[in-house]
2 protein chains.
Amino acid sequence: MATGRTHRPATRSRGIPEATVARLPLYLRALTALSERSVPTVSSEELATAAGVNSAKLRKDFSYLGSYGTRGVGYDVEYLVYQISRELGLTQDWPVVIVGVGNLGAALANYGGFASRGFRVAALLDQDPALTGRTVAGMPVSHTDDLERIVTENGVSIGVITIPAGGAQQVCDRLVAAGVTSILNFAPTVLSVPEGVDVRKVDLSIELQILAFHEQRKAGEDATAPADLPAGPHTTPRKGPDGDVPAVMPA
Amino acid sequence: MATGRTHRPATRSRGIPEATVARLPLYLRALTALSERSVPTVSSEELATAAGVNSAKLRKDFSYLGSYGTRGVGYDVEYLVYQISRELGLTQDWPVVIVGVGNLGAALANYGGFASRGFRVAALLDQDPALTGRTVAGMPVSHTDDLERIVTENGVSIGVITIPAGGAQQVCDRLVAAGVTSILNFAPTVLSVPEGVDVRKVDLSIELQILAFHEQRKAGEDATAPADLPAGPHTTPRKGPDGDVPAVMPA
DNA sequence: ATGCCTTTGTGAACGCGTGCACAAAGATGG
DNA sequence: CCATCTTTGTGCACGCGTTCACAAAGGCAT
Ligand SMILES: NC(=O)c1ccc[n+]([C@@H]2O[C@H](COP(=O)([O-])OP(=O)(O)OC[C@H]3O[C@@H](n4cnc5c(N)ncnc54)[C@H](O)[C@@H]3O)[C@@H](O)[C@H]2O)c1
Ligand SMILES: NC(=O)c1ccc[n+]([C@@H]2O[C@H](COP(=O)([O-])OP(=O)(O)OC[C@H]3O[C@@H](n4cnc5c(N)ncnc54)[C@H](O)[C@@H]3O)[C@@H](O)[C@H]2O)c1
């Protein structure tokens, strides 16, 4: 998982479990696709397949929102789209700021998938004077000096951090002080925030490392018959757990 | 969480719980920082704080790897770095291919955080003839026609998909057929893969929606005293749960 | 050598999440 | 109006993950 909440042991907000909340966007995506194909109703089985989850799990998830289905028929697609959107707060317009307009920040600014979900990029911020004033994704890049003013004036409550790890905590502090209460962090650092502020992190490097772990395990399992795997690690694999000398030994 | 595994109910691979595996990269990052500052040993309490987790959880996580600590002293930083690296398979070199060299794919290609962890970009692939042959991040962009050859020749077992959702399943199928057994998917689609192939997904839109949910909940809680929040949703907030007419009613 | 102090490693309890399996509900056809 | 069939909503059990709390282990000073 590239993400995880910080603090708070998965509080059950308004009776909806955190795990369910995390799946609602998945259902919404599948439902939106059905809606565009003008499908009127869908069964829990069909929708679950489309969303890649168990149908019992899906029904239980929906039961937290209320009884929106019709037995013997299924769920009304349009109605469910509305209910989930409302539950997720997507009937509102959420202005966000992106701090750090480098490779990743620029890619996010150019991404169309945010606006379609009610997230509007209110401003792009960067420290670099060479970027300030330039236009990225049809939007001027503002200097971080104006961070507090921009956040306040636009009523921004969600901030996206796409700067190197070194400056992330400081930028985070400024965002929080200015009124931001939700942060999406791409910098590989642990951010500490006061109570009441949510932080979610996306760390691509961690995702790859988790894949590598399982990849190594797969390669190790059939170490007796490695020939049936068309692709393997490029360098010489160390099949056995342990068995080679550590680079550094403890004192 | 921006990520989650597909299929398989969290199998305990080689006795190490999935949740622990997901945290090992976090510990490794914190340990690497300590190592660079030449800190010889660290206690579970200190390291846990640096990694943003509970110290008891950290100790239990490490206990799955073995008894690498010294009571009364703590853990040897260098030794632990090595052990975790080995456990994650980072002592190997993992060649990866990135399919889709658009905004996001290019940002990933430019990212230096991969190579530093043993992940080497073996090739960039794109369908667009206008991109083919051009250089991105000092590396030529190959055409997707050569996907199978490149994967086979380089022994690639990890593929990164950064193309629009429409073509993701097809590219996924080709990667798997060519021998890729781990996929990191950025396209907002559910990928179906055969047994033995791991898929992890990163969906930024989902992350924002989860933040929006909690943001709305926070705004709704103190609906009686909204004045003490300096920043709020830009449009008129609908404070109460329900109470307004749905845009669409069920038949 | 001995006692004290720090910190690990883990047993045990608890809570959350998942999935099975089924009764109730409602639609549909005769 | 009744029988049948489909599909929801959920009670229940189970397993994983988290956290507490503490005994054991080892270093260190005297
Ligand atoms: N590019 C990727 O694919 C990728 C992948 C994973 C993680 N990340 C992480 O995302 C972050 C950004 O990556 P990137 O590749 O876009 O880096 P980058 O160097 O291309 O861009 C960083 C930008 O942030 C600006 N910046 C630096 N410090 C700042 C500050 N204090 N205030 C405001 N702006 C500041 C810089 O001027 C620069 O424009 C890094 O933490 C990186 O580790 C990136
Ligand atoms: N840019 C972002 O910040 C961002 C954020 C979240 C999710 N995503 C997702 O990541 C994916 C890529 O986003 P992007 O902004 O880079 O898009 P993009 O349009 O900038 O780039 C897509 C690239 O993929 C190539 N492509 C398309 N179909 C292909 C195929 N079948 N085989 C090989 N190459 C193909 C295109 O030629 C193009 O170069 C999308 O699924 C998008 O939803 C992007």
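In what follows, every heavy atom counts, from backbone to side chain, and hydrogens, waters and symmetry copies are set aside. Quick note on labels: first sequence line is chain A, next is B, and so on, each numbered from 1.
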Quiz item: Which residues satisfy the side-chain hydrogen bond (donor to acceptor under 3.5 Å, both in side chains) test with B:R71, sequence neighbours excluded?
Solution: none
Quiz item: Among B:L175, B:V96, B:I183, which residue meets the side chain to side chain contact (heavy atoms under 4.5 Å, CB included) test with B:I158?
Solution: B:V96
Practice problem: Taking only the side-chain heavy atoms of A:A56 (C-beta and beyond), determine which of C:dA21, D:dT8, D:dG17 contains the nearest atom. | Solution: C:dA21
Self-check item: Results of side-chain hydrogen bond (donor to acceptor under 3.5 Å, both in side chains) for B:S205 - residues two or more places apart only
Solution: B:Q209
Exercise. Determine, for nucleotides 23-30 of chain D in 5'-to-3' order, which nucleotides have protein heavy atoms under 4.0 Å from the base (write B), from only the sugar-phosphate (write S), or from neither (write -).
Key: -BB-S---
Exercise. Grab the CG-C1' distance between B:L58 and D:dT19 for me, whole Å please.
Key: 14 Å
Quiz item: Contact class for A:S67 vs. all strands (heavy atom < 4.0 Å): base, sugar-phosphate, or nothing?
Solution: sugar-phosphate
Quiz item: Has the side chain of A:K60 got a donor or acceptor that lies under 3.5 Å from a partner of the other kind on the base of C:dG17?
Solution: no
Quiz prompt | Pairs satisfying salt bridge (charged side-chain N to carboxylate O under 4.0 Å, His left out), at least one member in residues 48-63 of chain B, at least two apart | solution = B:R23-B:D61
Quiz item: Considering heavy-atom distances to DNA chain D, does B:R59 or A:R59 have its closest nucleotide positioned more toward the 5' end?
Solution: A:R59
Quiz item: Could you give all pairs that pass the salt bridge (charged side-chain N to carboxylate O under 4.0 Å, His left out) test and reach residues 180-189 of chain B, with sequence neighbours left out?
Solution: none
Quiz item: Quick one: salt bridge (charged side-chain N to carboxylate O under 4.0 Å, His left out) pairs with a partner in residues 28-40 of chain B, sequence neighbours left out?
Solution: A:D203-B:R29
